[in-house]
Amino acid sequence: MAGGGYAAAQGDGRRYEGGVTAFVVITCLVAAMGGLMFGYDIGISGGVTAMDSFLKPFFPHVYKKQHGNHEENMYCKFDDHVLTLFTSSLYLAALIASFFASATTRRFGRKMSMMFGGLVFLGGAILNGAAVNVAMLIVGRLMLGVGVGFANQSVPVYLSEMAPANLRGALNMGFQMAITIGILAANLINYGTSKIKSGWGWRISLGLAAVPAIIFTIGSLFLPDTPNSILERGNHEKAKKMLQKIRGTNNVDEEFQDLVDATMAAKQVEHPWRNFTGRKYRPQLIICIFIPFFQQLTGINVIMFYAPVLFKTLGFGDDASLMSAVITGVVNVVATMVSVYCVDKLGRKALFLEGGVQMIICQVLVAVIIGRVFGTGGEGEMSKSVSSLVLFLICAYVAAFAWSWGPLGWLVPSEICPLEIRSAGQATNVSVNMFFTFVIGQFFLSMLCHMKFALFLFFGGFVIIMTIFIYYFVPETKNVPIEEMNQVWKQHGFWSKYVSNDDVTARTSSPP
């Protein structure tokens, strides 16, 4: 059966000396702050677009649609492509930036990419907070997108390369934890700024995106580069000293030799993008495309981008919609903590599969409830008990995503690619993720208007498909050193035919 691949996951990977040190934990936490920028932006836009004080000057036609005709279909009150462009334009910019970030990360190191991303994001936050027209809003969002593209390209790779194999999942998930904290902070800030009577609260919400950008930019100044990145640029002695420092031992010869071998192999590759599409890297290519594709087709950004708008559409009041978004933000953070604790114990695959099943159940139930209350005409009113049930189901759905597809969608693609294609693999992961984030962000409100409650069934159908994909095609990578992933593909029932024996060296294929 093609769903094999557990052998290398159960601790059969090589065990190097040394372990997790305070130094590596601190550097990984600082690097993970790049997720704060991404998370804050995900959470802030939906709350701002639900504020009347923001809609009046920038999108008056949407404001009139909301408050003018109370007989209008509830599903369609926010359907406006310019309004959704405010949210989605960031992800289009991130898509394009990720390709430039790939070259920068490979040539100048992960640290330089993080620093540049933080600076550009800071400029976009300032421009958005000071915006006086839609053009300024969109340009600011595009700058935020460039920052996100560079951060999302470099941070997961940095974390995977710094962490020891047995804790790579937990430390890498610091990035996703920072994303969830950023979303929660944005929801709380939106709830507070919506109370400002003079109508400039949205400026605070948008302008405060500068805070995570400053934290990330200053933090990146003090970060060391990874041993892999230092080796990639030819400094062997410095790379070995850095490896000794992050592992807490001088006896790193075995791991360092594996890194040197991987670097030498990488230097033989003149065209990483061309090689990435070759047969021997087919498993990595497929997974780096399909995992981010499916991650967005879970429908999570329906909740994360537009939670206040969605809850408002479903009949929650202004304050109730923002508070409901805060509640889902809290659930998101707590559930991510569950994943951090479990990922290196239970493994990636078990979390993927459980999360998928839970999301399917929640989405079907939400569709049934909304369909019964609003029908296809979009007319009706939810009782408090039904509203509470919908909120509970959405929270259960968010929790399932937060301990499965949320963090694992970034972790798995960042850890499966050998050094010679790692930047190309991560750029593919980021660009596919950003493209479909843009598509969902741009067209969700129109899809809600036309598909109505069936939209939740649409996303639920994709969750079924992607759960089957995980079961058959994604191997377990728990405890496997990042430079030994070829073992995983060779032992997998489906992917083994793409990996030759020559690709699995004697060093990695023999027991330690």
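What's counted below: heavy atoms across the whole structure, side chains too, no hydrogens, waters or symmetry copies. All values reported here derive from a predicted model rather than from experimental measurement.
The side-chain contact (heavy atoms from CB on, under 4.5 Å) check on L122 picks up I126, A210, A213, I214, with sequence neighbours excluded. For R141, the salt bridge (Lys or Arg N to Asp or Glu O under 4.0 Å) partners are D41, not counting sequence neighbours. Applying the side-chain contact (heavy atoms from CB on, under 4.5 Å) criterion to A186, with sequence neighbours excluded, gives Y40, I44. Every residue was checked against the ring pair (Phe, Tyr, Trp, His ring centres under 6.0 Å) condition with F23, not counting sequence neighbours, and none meets it. Residues meeting the side-chain contact (heavy atoms from CB on, under 4.5 Å) test with A367, sequence neighbours left out: F456, L457. Taking the side-chain contact (heavy atoms from CB on, under 4.5 Å) definition, one finds that V334 meets it with V330, sequence neighbours left out. For F150, the ring pair (Phe, Tyr, Trp, His ring centres under 6.0 Å) test picks out F116, with sequence neighbours left out. Among residues two or more places apart in sequence or in another chain, the side chain to side chain donor-acceptor pair (under 3.5 Å) test is passed with S339 by none.
Taking the side chain as every heavy atom from C-beta outward, M466 and L297 never approach each other to under 4.5 Å. Using a 4.5 Å heavy-atom threshold, the side chains of I300 and W405 count as separate. Side-chain contact between N228 and V157 is absent, with no heavy atoms from C-beta onward closer than 4.5 Å. Within the 4.5 Å cutoff, the side chain of F216 has no heavy atoms near those of the L36 side chain. Contact check for N429 versus W410: side-chain heavy atoms found under the 4.5 Å cut-off. Counting heavy atoms from C-beta on, the side chains of V368 and F453 never come closer than 4.5 Å.
Here CD of Q426 is found 10.0 Å from CD1 of I416. Values are rounded to the nearest 0.5 Å. Taken from CG in L351 to CG in L411, the straight-line distance is 10.0 Å, to the nearest 0.5 Å. The distance from atom CE of M451 to atom CZ of F459, rounded to the nearest 0.5 Å, is 7.5 Å. The distance from the CD1 atom of I464 to the CD1 atom of I360 is 4.5 Å, given to the nearest 0.5 Å. Once rounded to the nearest 0.5 Å, the distance linking CG of L223 with CD1 of I26 reads 11.0 Å. Considering CG of L137 and CG of N128, their distance stands at 5.5 Å, rounded to 0.5 Å.
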Report the C-alpha separation of T105 and S154 in whole Å, then their side-chain angles, then the decisive distance to 0.1 Å, and conclude whether the side chain to side chain donor-acceptor pair (under 3.5 Å) test is met.
CA-CA 6 Å; T105 301; S154 52; 5.1 Å; no
**Message:** Go through it in stages, so that I can follow the logic: the residues are N433 and T437, the test is side chain to side chain donor-acceptor pair (under 3.5 Å), and I'd like the CA-CA distance, side-chain angles, deciding distance and then a yes or no.
**Reply:** CA-CA 6 Å; N433 190 300; T437 303; 3.2 Å; yes
Taking it one step at a time, do I327 and C395 satisfy side-chain contact (heavy atoms from CB on, under 4.5 Å)?
CA-CA 8 Å; I327 293 170; C395 286; 3.8 Å; yes
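Ring to ring, F458 and F462 are close: their centroids are under 6.0 angstrom apart. Residues W489 and Y498 keep their aromatic ring centres 6.0 Å or farther apart.
F473 and F469 have tilted rings, their planes meeting at an angle from 30° to 60° on a 0 to 90° scale.
For the residue pair E476 and A350, the shortest heavy atom distance occurs at OE1-N, 4.5 Å. Contact detail for M162 and I246: the closest heavy-atom pair is CE-CG2, 3.6 Å. For the pair S205 and M51, the tightest heavy-atom approach, listed with the atom from each and the gap, is OG-CE, 3.9 Å. Scanning both residues, G329 and L184, for their nearest heavy atoms gives C-CD1, 3.8 Å. In terms of heavy-atom proximity, C417 sits nearest to G425 at SG-CA, 4.0 Å. A pairwise comparison of heavy atoms in M37 and F121 identifies O-CZ, 3.5 Å as the closest pair.
The main-chain N or O of F436 is never found under 3.5 Å from a side-chain atom of Q296 such that the two would form a donor-acceptor pair. S431 contributes a side-chain N or O that, together with a main-chain N or O of T428, makes up a donor-acceptor pair within less than 3.5 Å.
The ring pair (Phe, Tyr, Trp, His ring centres under 6.0 Å) test with F86 singles out one residue from F54, Y91, W202, and that residue is F54.
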Expected list for residues 173-182: side-chain donor-acceptor pairs under 3.5 angstrom, two or more places apart:
from : atom 1 : to   : atom 2 : distance (Å)
T180 : OG1    : M177 : O      : 2.7

Please set out all donor-acceptor pairs under 3.5 angstrom arising from side-chain atoms of residues 285-294, sequence neighbours excluded.
none

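Pairs of residues two or more places apart, or lying in two chains, that qualify as salt bridge (charged side-chain N to carboxylate O under 4.0 Å, His left out) and include a residue from residues 405-419 are R168-E415, R348-E415. The side-chain hydrogen bond (donor to acceptor under 3.5 Å, both in side chains) contacts involving residues 352-374 comprise E354-W403, where partners must be two or more places apart or lie in separate chains.
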